[in-house]
Trainee: 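The structure that follows is given in the form of structure tokens.
Within every chain, numbering begins at 1; the chains are lettered A, B, ... in the order of the sequence lines, protein sequences first and strands thereafter. These figures come from a predicted structure and were not determined experimentally. Note that these values count all heavy atoms, side chains included, but never hydrogens, waters or copies made by symmetry.
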Number of protein chains: 2
Amino acid sequence: MAKNDHSYDTLKLKNQVCFPLYACSKELVRQYTPYLKELNLTYTQYIVMMVLWERETVSSRELAECLHLDYGTLTPVLKRLDQAGYLTRERAENDERLLTLKLTEGGRKLKDKAAEIPSAIAECMGLTMEEFGVLYTLTYKALKNMEERQ
Amino acid sequence: MAKNDHSYDTLKLKNQVCFPLYACSKELVRQYTPYLKELNLTYTQYIVMMVLWERETVSSRELAECLHLDYGTLTPVLKRLDQAGYLTRERAENDERLLTLKLTEGGRKLKDKAAEIPSAIAECMGLTMEEFGVLYTLTYKALKNMEERQ
DNA sequence: CGCAATTTACTTGTGCACAATTATATTAAA
DNA sequence: TTTAATATAATTGTGCACAAGTAAATTGCG
């Protein structure tokens, strides 16, 4: 055997933190699905709407940055949300490159319907308040560390 | 306003644990990409190979279960790994429905090349050993709780 | 036994997700 | 001011990811 046993142990699925993180993230999106279906949204569309519910207006570039999504993903998502009547896409007057997104009345109405979702999802996960806090802190810490490597 | 301020606060991106989990998972897969490119694997293909490196043989059904993937995802992934020569797909003799996957010599060779990946990724995340442990425990706990709701 | 229910896997369709490329507008530098 | 560099966004191509529907083998019940 070329390597010692220890170096292979790290390749076992049960010794990897990456896998439960990946699986948990997918499972979470799956739990959202039935709730979001009532709003005719996917999870990705939902997080875009969350930004707009909070800010009313946002540039495409800022959105891409805060959601960690590139334009290859964002462009078609924004097109669908525009077609659904939840937001508008306009070019900035002073700079034709910039795309400005604005919440519409239709999009604003969704916010009421969505208000009960976070607590429902939290219940699905079944963690204590303290555990949620720890999970939040650690995922953001790892995210920040990985960002800095780009 | 139909709802009180508090119920809307939960809809803010920065108050959601789901979002950093989702973003962290994607960022992790992105960090894997350059390492896995040298092995000609995607992340999903990599976790399939991890199971085979550990077990040599596994049924398609068991694989789907332990990776939390359905056949719609798994079938094409397994086809590509078969074409790449990393595994074989055979029907079980006693039950023609069952698909048995077996690691090939070519697939086994990849294991050596992959041995250094876990520590490289761990370094990217920049967490302490203790933090890794906590993250592992919490994500598996949430995963288990969500599974039980199906 | 004969047939309904179940299990396993595949197929189809939709929507991310991202790398790589392209297009256009703006800014900066020579 | 012309041109090179940069910034913003769209496009293209590949590969997940999953719901819904289909197909075939097996099991179990009458």
Side-chain angles (χ1 to χ4, degrees), chain A residues 19 22-37 39-49 58-65 67-84 89-101 146-147 150, chain B residues 19 22-37 39-49 58-65 67-84 89-101 146-147 150:
Chain A
F19 175 69
Y22 156 86
C24 193
S25 166
K26 282 192 310 165
E27 186 59 44
L28 253 176
V29 171
R30 225 174 293 148
Q31 297 286 337
Y32 269 104
T33 303
Y35 298 100
L36 294 180
K37 198 163 192 177
L39 314 192
N40 271 303
L41 293 176
T42 64
Y43 181 72
T44 310
Q45 291 166 7
Y46 173 65
I47 58 176
V48 169
M49 294 309 297
V58 69
S59 76
S60 182
R61 197 195 62 73
E62 285 174 292
L63 194 64
E65 191 180 335
L67 297 183
H68 298 257
L69 292 171
D70 74 355
Y71 293 112
T73 303
L74 217 43
T75 299
V77 167
L78 294 176
K79 257 178 205 163
R80 287 185 198 105
L81 289 173
D82 187 352
Q83 278 163 14
R89 293 177 298 158
E90 303 166 13
R91 296 291 163 181
E93 289 172 12
N94 54 332
D95 188 337
E96 275 293 315
R97 292 171 305 180
L98 271 59
L99 190 63
T100 303
L101 310 171
M146 288 189 286
E147 266 173 4
Q150 306 299 13
Chain B
F19 175 69
Y22 156 85
C24 193
S25 167
K26 282 191 312 164
E27 186 58 46
L28 253 176
V29 171
R30 225 174 293 148
Q31 297 287 337
Y32 269 104
T33 304
Y35 297 100
L36 294 180
K37 199 162 192 178
L39 313 192
N40 270 303
L41 293 176
T42 64
Y43 181 73
T44 309
Q45 292 166 8
Y46 172 67
I47 59 176
V48 169
M49 293 309 296
V58 69
S59 76
S60 182
R61 197 195 63 71
E62 285 174 292
L63 194 65
E65 191 181 335
L67 297 183
H68 298 258
L69 291 172
D70 74 355
Y71 292 110
T73 303
L74 216 43
T75 299
V77 168
L78 295 176
K79 258 179 205 163
R80 286 185 197 105
L81 288 173
D82 187 352
Q83 278 163 13
R89 293 177 298 157
E90 302 166 14
R91 296 290 162 183
E93 288 172 12
N94 54 333
D95 190 337
E96 276 293 316
R97 292 170 305 178
L98 272 59
L99 190 63
T100 304
L101 310 171
M146 289 188 286
E147 265 174 4
Q150 306 298 13

Trainee: Output the rounded distance in Å from CD (B:Glu93) to C1' (D:dT26).
Mentor: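 Nearest whole value for this atom pair: 17 Å.
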
Trainee: Please work out if A:Thr42 contacts a base, only the sugar-phosphate, or nothing of the nucleic acid, heavy-atom cut-off 4.0 Å.
Mentor: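 The residue A:Thr42 makes sugar-phosphate contact but no base contact.
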
Trainee: For A:Thr44 and A:Asn94, find the nucleotide of DNA chain C closest to each by heavy atoms; which residue's nucleotide sits nearer the 5' end?
Mentor: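 Here A:Thr44 is the residue nearer the 5' end.
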
Trainee: Checking contacts here: which listed nucleotide (D:dT8, D:dC16, D:dA19) is nearest the side-chain heavy atoms of B:Arg80?
Mentor: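 Nearest to the side chain of B:Arg80 among the choices is D:dC16.
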
Trainee: Starting from P on D:dG15, measure out to CG on B:Leu41 and report it in whole angstrom.
Mentor: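 About 12 Å, once rounded to whole Å.
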
Trainee: Counting side-chain heavy atoms from C-beta on, which of D:dA19, D:dT11, C:dT8 comes nearest to B:Tyr71?
Mentor: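 Between D:dA19, D:dT11, C:dT8, the one nearest the side chain of B:Tyr71 would be C:dT8.
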
Trainee: Students often get this wrong, so: under 4.0 angstrom with heavy atoms, is B:Val77 touching a base, only sugar-phosphate, or nothing?
Mentor: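 Result for B:Val77 = sugar-phosphate.
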
Trainee: Any side-chain heavy atom of B:Leu78 sitting closer than 4.5 Å to one from B:Leu63?
Mentor: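 Yes, at least one pair of side-chain atoms sits under 4.5 Å.
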
Trainee: Can a side chain N or O of B:Arg30 be found less than 4.0 Å away from OP1 or OP2 on D:dC16?
Mentor: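 It does not, given that no N or O in the side chain of B:Arg30 lies less than 4.0 Å from OP1 or OP2 of D:dC16.
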
Trainee: Whole angstroms only, please: what is the OH-P distance between A:Tyr32 and C:dC16?
Mentor: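 Value for this atom pair: 16 Å.
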
Trainee: Could you tell me which non-hydrogen atom of B:Thr44 sits nearest to which non-hydrogen atom of A:Tyr22, and how far apart they are?
Mentor: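 Taking B:Thr44 first and A:Tyr22 second, the nearest heavy atoms are OG1-OH, 4.0 Å.
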
Trainee: Nearest whole Å is fine: how far is D:dT6 C1' from A:Asp95 CG?
Mentor: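 So the CG-C1' distance, A:Asp95 to D:dT6, works out to 12 Å.
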
Trainee: What is the distance, rounded to the nearest whole Å, between atom CG of A:Leu28 and atom C1' of D:dC18?
Mentor: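 Rounding to the nearest Å, CG of A:Leu28 and C1' of D:dC18 are 16 Å apart.
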
Trainee: Write down the distance between OH (A:Tyr46) and C1' (C:dG15), rounded to a whole number of angstrom.
Mentor: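 Distance check: A:Tyr46 OH to C:dG15 C1' gives 19 Å.
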
Trainee: Write down the distance between CG (A:Leu36) and C1' (D:dA19), rounded to a whole number of angstrom.
Mentor: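 These atoms are roughly 15 Å apart.
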
Trainee: Taking only the side-chain nitrogens and oxygens of B:Lys79, find out if one of them lies under 4.0 Å from OP1 or OP2 of D:dC16.
Mentor: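 Indeed not, no polar side-chain atom of B:Lys79 lies that close.
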
Trainee: Quick check for you: among D:dA17, C:dT11, C:dA19, whose closest atom lies nearest to any side-chain atom of B:Thr73?
Mentor: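 For B:Thr73, the side-chain atoms sit closest to D:dA17.
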
Trainee: When you check the phosphate oxygens OP1 and OP2 of C:dC16, does a side-chain N or O of A:Lys26 lie under 4.0 Å from one of them?
Mentor: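 So the side chain of A:Lys26 is outside the cut-off, no N or O lying under 4.0 Å from OP1 or OP2 of C:dC16.
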
Trainee: Kindly give the heavy-atom pair with the smallest separation between B:Arg97 and B:Arg91, and that separation in Å.
Mentor: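 The answer is O-NH1, 2.9 Å.
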
Trainee: Taking the nucleotide of DNA chain C with the nearest heavy atom to each, does A:Arg97 or A:Ile47 sit closer to the 5' end?
Mentor: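 Comparing both residues, the 5'-ward one is A:Ile47.
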
Trainee: Side chains of B:Arg30 and B:Tyr43: closer than 4.5 Å at any heavy-atom pair?
Mentor: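 When only atoms from C-beta onward are counted, B:Tyr43 and B:Arg30 do not touch, as no gap falls below 4.5 Å.
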
Trainee: Name the nucleic acid region contacted by B:Leu74, choosing base, sugar-phosphate or nothing; use a 4.0 angstrom heavy-atom cut-off, strictly under.
Mentor: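 The answer is nothing, as B:Leu74 stays clear of every strand by at least 4.0 Å.
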
Trainee: Using a heavy-atom cut-off of under 4.0 Å over every strand shown, decide if A:Asp70 touches base, sugar-phosphate, or nothing.
Mentor: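 Result for A:Asp70 = base.
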
Trainee: Indicate whether OP1 or OP2 belonging to C:dC10 is found under 4.0 Å from a side-chain N or O atom of B:Arg61.
Mentor: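 Answer no for this pair, as no side-chain N or O of B:Arg61 is under 4.0 Å from OP1 or OP2.
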
Trainee: When the distance from CZ of A:Arg91 to P of C:dA25 is rounded to whole Å, what number comes out?
Mentor: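 It is 10 Å, rounded to the nearest whole Å.
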
Trainee: Give the nucleotide from the list C:dC10, D:dC16, D:dA9 with an atom nearest to the side chain of B:Leu99.
Mentor: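 The answer is C:dC10.
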
Trainee: OP1 or OP2 of D:dA17 less than 4.0 angstrom from a side-chain nitrogen or oxygen of A:Tyr22, does that happen here?
Mentor: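 Yes, because at least one side-chain N or O of A:Tyr22 sits under 4.0 Å from OP1 or OP2 of D:dA17.
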
Trainee: Return the minimal non-hydrogen interatomic distance between A:Asn40 and A:Gln45, and the atom names on each side.
Mentor: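 Heavy-atom minimum between the residues: O-OE1, 3.8 Å.
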
Trainee: According to a strict under-4.0 Å criterion, is B:Thr33 in side-chain N/O contact with OP1 or OP2 of C:dC18?
Mentor: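 No, because none of the side-chain N or O atoms of B:Thr33 sits under 4.0 Å from OP1 or OP2 of C:dC18.
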
Trainee: Looking at B:Met146 and A:Gln31, what are the two nearest heavy atoms and their distance?
Mentor: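 Where B:Met146 meets A:Gln31 most closely, the heavy atoms are O-NE2, 3.3 Å.
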
